[in-house]
Amino acid sequence: MFDYKTSLGQAEFSNPIFTASGCAGSGRELSQFFQLSELGAVVTKSIMLKPRSGRATPRMAETPSGMLNSIGLQGPGIDIFLEKDIPWLREQGANIVVSIAGESVDDYAVLARKLRAVSGISALEVNISCPNVENRGQVFACQPNTARAAIEAVRRNIGGELPIIAKLTPDVTSIVEIAQEVVAAGADGLALINTVLGMVIDTNTMRPKLAGKTGGLSGPAIRPVAVRAIYQVHEAMPHVKILGMGGVASGRDAFELILAGASAVSVGTATFGNPNAVMKIKEELANELISHGFDSLKEAVGYAHRAEGNLL
Amino acid sequence: MFDYKTSLGQAEFSNPIFTASGCAGSGRELSQFFQLSELGAVVTKSIMLKPRSGRATPRMAETPSGMLNSIGLQGPGIDIFLEKDIPWLREQGANIVVSIAGESVDDYAVLARKLRAVSGISALEVNISCPNVENRGQVFACQPNTARAAIEAVRRNIGGELPIIAKLTPDVTSIVEIAQEVVAAGADGLALINTVLGMVIDTNTMRPKLAGKTGGLSGPAIRPVAVRAIYQVHEAMPHVKILGMGGVASGRDAFELILAGASAVSVGTATFGNPNAVMKIKEELANELISHGFDSLKEAVGYAHRAEGNLL
Amino acid sequence: MIGINKNATQIMAEIVSNKKVGAYNHIVFAVGDIASRSKPGNFVAIAVGGSNSAMVLRRAFAIYRTFDKGSSGGLLEIVVAPHGEGSTWLTNQLPGYKVDLIAPLGTAFGIPTEPVRALLVGGGYGSAPLFGLSEVLKNRGCRVDMVLGASTAMKIYAPLDGKRSVNSLTTVTEDGTTGITGKVTDVLAEIIETNEIDIIYSCGPMGMLEAINEISSKLDVMHQCAIEESMACGIGVCMTCVLPIKGDDGQIRMLRSCIDGPVVDGESVVWDSKRSIPKGTWGAH
Amino acid sequence: MIGINKNATQIMAEIVSNKKVGAYNHIVFAVGDIASRSKPGNFVAIAVGGSNSAMVLRRAFAIYRTFDKGSSGGLLEIVVAPHGEGSTWLTNQLPGYKVDLIAPLGTAFGIPTEPVRALLVGGGYGSAPLFGLSEVLKNRGCRVDMVLGASTAMKIYAPLDGKRSVNSLTTVTEDGTTGITGKVTDVLAEIIETNEIDIIYSCGPMGMLEAINEISSKLDVMHQCAIEESMACGIGVCMTCVLPIKGDDGQIRMLRSCIDGPVVDGESVVWDSKRSIPKGTWGAH
Ligand SMILES: Cc1cc2nc3c(=O)[nH]c(=O)nc-3n(C[C@H](O)[C@H](O)[C@H](O)COP(=O)(O)OP(=O)(O)OC[C@H]3O[C@@H](n4cnc5c(N)ncnc54)[C@H](O)[C@@H]3O)c2cc1C
Ligand SMILES: Cc1cc2nc3c(=O)[nH]c(=O)nc-3n(C[C@H](O)[C@H](O)[C@H](O)COP(=O)(O)OP(=O)(O)OC[C@H]3O[C@@H](n4cnc5c(N)ncnc54)[C@H](O)[C@@H]3O)c2cc1C
Ligand SMILES: Cc1cc2nc3c(=O)[nH]c(=O)nc-3n(C[C@H](O)[C@H](O)[C@H](O)COP(=O)(O)O)c2cc1C
Ligand SMILES: Cc1cc2nc3c(=O)[nH]c(=O)nc-3n(C[C@H](O)[C@H](O)[C@H](O)COP(=O)(O)O)c2cc1C
Ligand code: FES
Ligand code: FES
């Protein structure tokens with residue numbers, strides 16, 4: 001029997017296909033199309049302390065094989081989220097990874113404290129890399145010291161159980177350096193990658209298309225960047241679990257990220273093009289793995305790193 | 001009459017459409033398809049001191065709306081280049097921008113000395129950002145101090161006339177910081193952007209597709225990254241001329257880069273898909289500019305930055 | 001919010017017919033029982049460009065009409081303006097080709113329980129969903145007047161059977177190539193007063209909807225409009241399609257036009273908030 | 001190097017016919033006077049996927065045959081194996097559709113000035129360019145033997161008129177579904193000796209070409225082969241398609257297979273250099 005299970009830190013998942021944060025609404029929208037419990041996990045939209053309106057529109061632009069978004073972390077804030085969304089997801093039998101985002105180190109600390117007692121959560125994804133919040137200078141994951149501070153704040157406040165997955169931006173000179181820093185600060189795993197900072201100018205209005213000017217590039221266009229980041233980080237720290245993402249739209253694509261070193265794969269933009277994308281990818285990936293002779297997902301993780309000549 | 005002229009430093013060009021370094025062979029290959037003198041300029045493949053075999057194959061992988069390459073700066077070295085390529089390009093009446101690349105600060109100095117007395121060159125593009133050379137740590141444009149050192153070496157050795165255009169990589173935490181550094185070091189203009197570091201894993205062999213593992217991502221996939229980089233740098237230093245590039249495949253795309261702040265636009269990957277791409281883009285861009293009511297190219301440069309409400 | 005899009009399904013829908021009508025293409029799809037679940041105002045989201053396409057997002061189109069011929073034979077019709085690459089691609093597909101389609105999506109026009117006097121106002125292809133609405137309203141005993149506007153005659157979509165389904169039809173073009181010369185809003189006030197209109201249903205460009213709302217507001221007529229915001233997913237998961245809507249509690253919230261719309265109460269929309277978040281919006285800072 | 005691809009032009013070429021033949025598609029294009037300028041061994045580079053395609057690079061295909069019917073009526077034929085998305089797309093295009101095509105590209109097979117005894121060896125669709133070559137050789141008075149190999153019968157491309165153009169045809173399949181069971185290289189030595197072969201022309205996968213070269217080398221027979229390297233541009237501007245070739249001066253250089261190939265002298269190739277630069281290559285470090 002093929003073993004599709006995977007793990008991130010102490011958390012176990014029945015399969016490695018997750019939704020990507022911010023790309024699955026509250027879960028309810030997708031539950032019209034499939035059972036959420038079929039997923040490895042639902043990763044929630046990054047939740048902040050307070051309610052947030054997000055950015056003005058236009059918030060999106062399609063780009064060649066991708067899209068730009070500047071949602072600006074619209075959401076109800078942690079209290080309403082814990083009251084309304086988590087219980088509902090739990091009822092669905094979904095495996096839940098909660099994504100959190102803060103505007104200050106203290107925000108991260110408070111969010112962690114609010115979550116430590118919540119049952120039914122498998123892991124915490126700490127988004128320290130969203131390029132959409134007002135001040136680009138404030139992106140935690142861009143500097144080793146701020147990245148470290150945010151993760152340390154979560155580590156100190158979360159208690160012992162819940163695995164912490166730090167989500168990093170590829171928009172840095174060395175993603176390995178940032179990865180090492182957050183692992184040293186207590187991250188159990190890494191989520192790679194968040195969107196790439198980009199801009200589209202509307203040639204009709206002759207101004208940036210997005211109200212927020214810049215936005216995050218996602219979709220197949222950035223997959224080579226995701227594969228590179230995952231490969232580099234897995235090479236530097238083979239024992240740190242990676243939740244991979246970036247442009248995955250098929251089982252082949254998910255397989256590529258897994259070979260690079262991802263233990264699980266989140267699907268974002270592909271869901272916009274196809275609400276059933278995650279289910280399709282889950283099935284296709286299993287077929288890819290089996291047809292390549294793997295008995296389990298785990299054997300394939302990082303397989304592209306094996307020594308020359310070494311074949312299955 | 002519509003005025004299509006542009007300039008970079010003291011160098012003047014009849015129109016703003018250039019080939020991109022490394023994407024036009026020696027020029028001879030394209031001259032079968034159109035007259036090189038029709039171009040704003042031919043930007044030569046980055047030339048190094050010594051002959052270079054480049055990287056092993058496979059050197060390329062197609063990606064969604066883009067491609068990955070790891071040519072590794074294959075070329076004949078500066079001496080043969082000056083003897084064979086430059087005179088031929090001059091004969092064609094081409095406007096020539098010579099791109100140089102070094103493995104050490106001293107290389108840049110020597111290359112600049114070899115070029116200072118050469119006639120018929122309009123400008124120097126200093127490639128300090130090629131991600132394909134063996135040691136990723138050695139990419140000059142990734143750190144302010146090494147970027148500065150390379151440009152200073154060229155500045156000191158080139159003499160007064162030839163404009164220096166520093167070509168930067170987007171794979172940095174802050175491209176504005178690097179841009180400011182190289183301008184302080186004596187660059188007259190900036191070439192934005194070089195390729196984005198990426199990787200493709202061949203899911204059949206289950207190894208990186210390129211022999212060199214990582215490669216540079218180019219093509220329409222990266223255009224939003226190019227537009228963002230150009231916009232950010234033009235905003236920070238509106239008086240520094242920018243040669244824009246990255247995923248331009250149509251007049252609309254070139255117009256987008258110009259609105260962001262580019263004074264001229266290089267076309268790379270699009271030429272692989274269509275040898276006549278540069279000529280098509282040259283014509284389409286003129287039509288875009290005219291139909292938007294511009295009397296000259298120069299009026300449109302950076303137009304997306306104008307104050308709210310300000311229309312042509 | 002449980003049961004979002006609970007009628008929506010994703011199918012491969014065969015193109016049954018695709019014909020040019022003026023500046024638009026009228027396209028008919030075989031959709032099985034989706035036809036019976038669709039209501040006027042709902043929309044479809046279609047994947048464009050084929051399997052190697054650089055276009056990764058769906059395109060939204062208002063449902064023009066449906067024919068419910070039982071689960072095997074339901075038809076769904078849309079009217080497409082070739083705008084950019086995606087919609088142009090769709091207008092070029094031939095009968096027999098199958099597209100990936102999700103429907104029905106979004107809110108529908110609210111139908112009054114009593115017979116009322118309704119005015120339907122459409123701009124360009126925005127007339128499409130109004131014909132199906134007109135039929136429903138007529139079946140409920142309503143009087144239906146219609147005003148259609150566009151820049152030019154080619155962009156007025158008003159098929160013969162559509163025209164027959166309304167009590168009066170006024171057309172307005174900016175260039176005067178058909179009907180009255182001007183904008184739809186030039187004629188509204190008079191029709192509203194003459195025909196003692198109770199409710200306006202509108203669909204068209206945002207600028208037009210806003211102008212209509214000004215009039216309906218002033219004349220104290222109800223106004224339901226189908227808005228058109230840039231959409232990436234059409235099913236409520238991306239949050240790109242939001243617009244500021246004032247709730248019954250007076251609170252402005254950024255709501256998704258694909259779930260809480262496209263049909264919304266004109267009075268509830270905070271118009272002219274393009275490129276900014278209105279002051280006082282929930283969560284603004 | 002002046003005059004690179006001096007015969008090449010870029011045209012929109014209409015598909016005249018597209019038929020499935022075994023595992024392949026035989027596609028005929030109307031190419032005007034390109035037909036008269038093409039030689040056996042040359043290839044075409046075709047843009048795939050249509051206007052909104054995520055595929056930005058051309059695909060290379062060997063020219064199977066050309067018919068020169070004057071400048072208006074020239075035809076060019078290729079044989080396509082649906083491999084990945086681009087070639088599969090091409091096999092799905094219908095007659096009447098126009099593709100963006102550049103031809104003729106690359107080097108051609110060298111034709112001996114004297115009548116010789118030639119052995120043509122093709123693997124899979126690699127047989128395609130050999131039939132045109134065979135005709136030219138026969139016209140020059142050469143004796144032409146042919147060996148075609150593939151994994152299975154469906155992958156042997158050998159149309160009837162092609163078969164007629166050679167003096168002998170031997171087929172070899174790995175699964176024995178047609179002809180001899182085995183690999184082409186199993187039968188070469190015997191044919192070379194029996195028929196006193198002077199020169200081998202080959203086209204097929206790199207592994208096969210290398211194996212043929214080992215035999216031709218040992219038996220001291222000339223060997224020209226058409227190689228197949230991953231190409232991004234096909235016209236010499238990208239430097240992705242290089243392979244190590246030893247020059248007359250003994251120097252190994254990384255040469256472009258699209259310009260200095262696809263037809264090269266088998267002896268000059270530094271075989272088995274995949275994923276590395278051979279020692280002593282010009283500019284290696
Ligand atoms: C609820 C709704 C109903 C619609 N009904 C119709 C209809 O009946 N007939 C019709 O012709 N058009 C309709 N539209 C508009 C139609 O969706 C756009 O014209 C189409 O998406 C443009 O795609 P494109 O590739 O041609 O253009 P592009 O401008 O290249 O599209 C780029 C991206 O922007 C999005 N986009 C661009 N314009 C719009 C827009 N106006 N609305 C939403 N997304 C947009 C596209 O989805 C795509 O992701 C409707 C839109 C909405 C939201
Ligand atoms: C000189 C030459 C002659 C050829 N003749 C024929 C022929 O007659 N019939 C035929 O069926 N095929 C031929 N090929 C191979 C054909 O080019 C590839 O099968 C095709 O490019 C694969 O494209 P794809 O999109 O289907 O596959 P993908 O694997 O998705 O292609 C991805 C990318 O890799 C490149 N690529 C992949 N495989 C090859 C390859 N083998 N050679 C060159 N580039 C490749 C493609 O150009 C594309 O850029 C020839 C190749 C060369 C170089
Ligand atoms: C519309 C949109 C909203 C997103 N919101 C979030 C978010 O709230 N938190 C987060 O960590 N990442 C967010 N992301 C990033 C995705 O989770 C993911 O990292 C990225 O899109 C790359 O994956 P993809 O190419 O599969 O979309 C968002 C992406 C998109 C497109
Ligand atoms: C095959 C290839 C070779 C390249 N070689 C060089 C080079 O020698 N020097 C350089 O500065 N940039 C080189 N580049 C980068 C291009 O000049 C350009 O910056 C980049 O490809 C983005 O533009 P594009 O998307 O139009 O290709 C190369 C790019 C490609 C695809
Ligand atoms: S279009 Fe995605 S939430 Fe409305
Ligand atoms: S394929 Fe581009 S140089 Fe040969």
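This is a predicted model, so every value here is computed, not measured. A note on names: the letters A, B, ... follow the listed sequences, proteins ahead of strands, and every chain is numbered from 1.
Only the side chain of B:L68 comes within less than 4.5 Å of a heavy atom in chain A; its backbone stays farther off. When heavy atoms are compared at a cutoff of 4.5 Å, A:T63 approaches chain B solely by way of its side chain, counted from C-beta outward.
No other option in A:P220, A:P170, A:G66 has as many heavy-atom pairs under 4.5 Å with chain B as A:P220. Ranked by heavy-atom pairs under 4.5 Å with chain B, the list A:D202, A:I175, A:L217 is led by A:L217. Your options are B:P224, B:A221, B:A304, and the one with the most heavy-atom pairs under 4.5 Å with chain A is B:P224.
Using a 4.5 Å heavy-atom threshold, the side chains of A:L197 and B:Q232 count as touching. Between A:H305 and B:R207 there is no side-chain heavy-atom pair separated by less than 4.5 Å. Between A:D171 and B:T173 the shortest side-chain heavy-atom distance does not fall below 4.5 Å. A 4.5 Å side-chain heavy-atom check between B:R228 and A:K213 finds every atom pair outside the cut-off. Residues A:V225 and B:V196 are in side-chain contact: their nearest non-hydrogen atoms beyond the backbone lie under 4.5 Å apart.
A distance of 5.5 Å separates NE2 of A:H292 from CG of B:N204, quoted to the nearest 0.5 Å. Taking CD1 of A:I201 as the start and CG of B:L257 as the end, the distance is 8.0 Å to the nearest 0.5 Å. Here A:T203 contributes atom OG1 and B:L289 contributes atom CG; the two are 11.0 Å apart, rounded to the nearest 0.5 Å.
Judged by distance alone, with hydrogens and angles left aside, the side-chain atoms of A:R306 form a donor-acceptor pair with the main-chain N or O of B:M206 at under 3.5 Å.
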